2 protein chains.
Amino acid sequence: MAGRNLDGPEADALDLGAVFRALADEHRRSVMTELATDRSDSERGCNSFDLPISKQTQTHHFRVLREAGLIDEIDYGNRKGIRLRRADIEKRFPGLLALLGAGPPADTAPR
Amino acid sequence: MAGRNLDGPEADALDLGAVFRALADEHRRSVMTELATDRSDSERGCNSFDLPISKQTQTHHFRVLREAGLIDEIDYGNRKGIRLRRADIEKRFPGLLALLGAGPPADTAPR
DNA sequence: CTTCAAGTACGACTTGCATCGTACCTGAAG
DNA sequence: CTTCAGGTACGATGCAAGTCGTACTTGAAG
């Protein structure tokens with residue numbers, strides 16, 4: 001089974017502080033909002049999020065999300081897959097992902 | 001007019017980023033967890049939270065919570081009251097306060 | 001009035017974190 | 001093999017944020 005190659009915390013070990021810290025950043029939150037909104041939960045590429053930051057910084061942000069237990073990173077060598085850990089998050093923090101969709105009332109200008 | 005003396009954002013203007021940033025700090029989150037757990041929603045004193053930090057830093061943290069729209073601060077001159085804005089938070093971000101109670105399974109050792 | 005405790009304002013210090021530059025690794029395509 | 005794009009590792013930098021020291025304000029108690 002091509003599970004998660006890169007290690008993240010177990011479902012029961014998710015820390016609320018790490019989660020809030022991860023979601024405090026605008027870029028990371030936009031990624032999580034996209035993942036939470038897409039109910040298909042399909043594996044996505046790293047550059048499918050259109051982040052206005054450099055590659056190194058993207059690597060940093062995805063690492064933070066993974067270490068917080070929010071996503072899985074599947075390493076293919078020269079390519080990487082991103083997948084939301086929806087079941088684990090919902091089990092540990094039910095309703096959290098729904099909050100991401102209820103962000104700004106009308107505008108989405110991240111600024 | 002014993003409302004809120006110090007200004008905070010309206011219920012509809014609560015920003016998810018500011019909320020997550022406010023809850024990212026251990027001390028502020030412990031305060032919010034206490035407030036969210038106490039269903040009486042009674043007004044509390046600032047020093048009733050037993051924070052291991054100086055007065056000036058407490059002032060700073062309560063200001064952040066107020067500017068995020070999470071609490072009201074009632075100024076009595078030489079005394080200050082803290083009250084959770086439960087209705088506004090639940091209206092804007094339903095389920096958020098429930099997450100605070102589901103923090104760590106058993107321990108709250110910050111460091 | 002004076003005294004005192006609670007809280008704030010301002011500033012300084014220190015840590016954390018987001019960001020990027022350079023160099024290196026990996027796998028696919030020629 | 002070489003080339004190239006995607007990704008990572010390490011280090012440096014700049015800014016935001018947490019913390020506290022000093023001084024000031026406020027209201028109650030004496």
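Everything numeric here is computed off the predicted structure, so don't read it as measured data. Convention: sequence-line order gives letters A, B, ...; per-chain numbering from 1.
Taking atom NZ of residue A:K55 and atom C1' of nucleotide D:dG7, one finds them 6 Å apart after rounding to whole Å.
Residue A:H60 places none of its side-chain N or O atoms closer than 4.0 Å to OP1 or OP2 of D:dT8. A close approach under 4.0 Å does occur between a side-chain nitrogen or oxygen of A:R63 and OP1 or OP2 of D:dA9.
Relative to the side chain of A:N78, the nucleotides C:dA18, C:dG7, C:dA28 differ in distance, and C:dA28 lies closest. Set against D:dG18, D:dG6, C:dC20, the side chain of A:S54 has C:dC20 as its closest nucleotide. Among C:dC20, C:dG7, C:dT8, the nucleotide with an atom closest to any side-chain atom of B:Q56 is C:dT8. When distances are taken from the side chain of A:T59 to each of D:dG7, D:dA5, C:dG7, the shortest belongs to D:dG7. When distances run from any side-chain atom of A:K80 to the nucleotides D:dT8, C:dT19, C:dG21, the shortest one goes to D:dT8. Nearest nucleotide to the side chain of B:H61, out of D:dG7, C:dC20, D:dG18: D:dG18. Across C:dC20, D:dA28, C:dT8, the shortest atom-to-atom separation from the side chain of A:T57 is found for C:dC20.
Contact annotation for B:D75: no contact, since no heavy-atom pair falls under 4.0 Å across all strands.
Applying side-chain hydrogen bond (donor to acceptor under 3.5 Å, both in side chains) to A:K80 and the options A:E43, A:E73, A:Q58 leaves one that passes, A:E73.
Figure legend: B:R29 and A:F20 shown without cation-pi pairing, the cationic atom not lying both under 6.0 angstrom from the six-membered ring centre and within 45 degrees of its axis.
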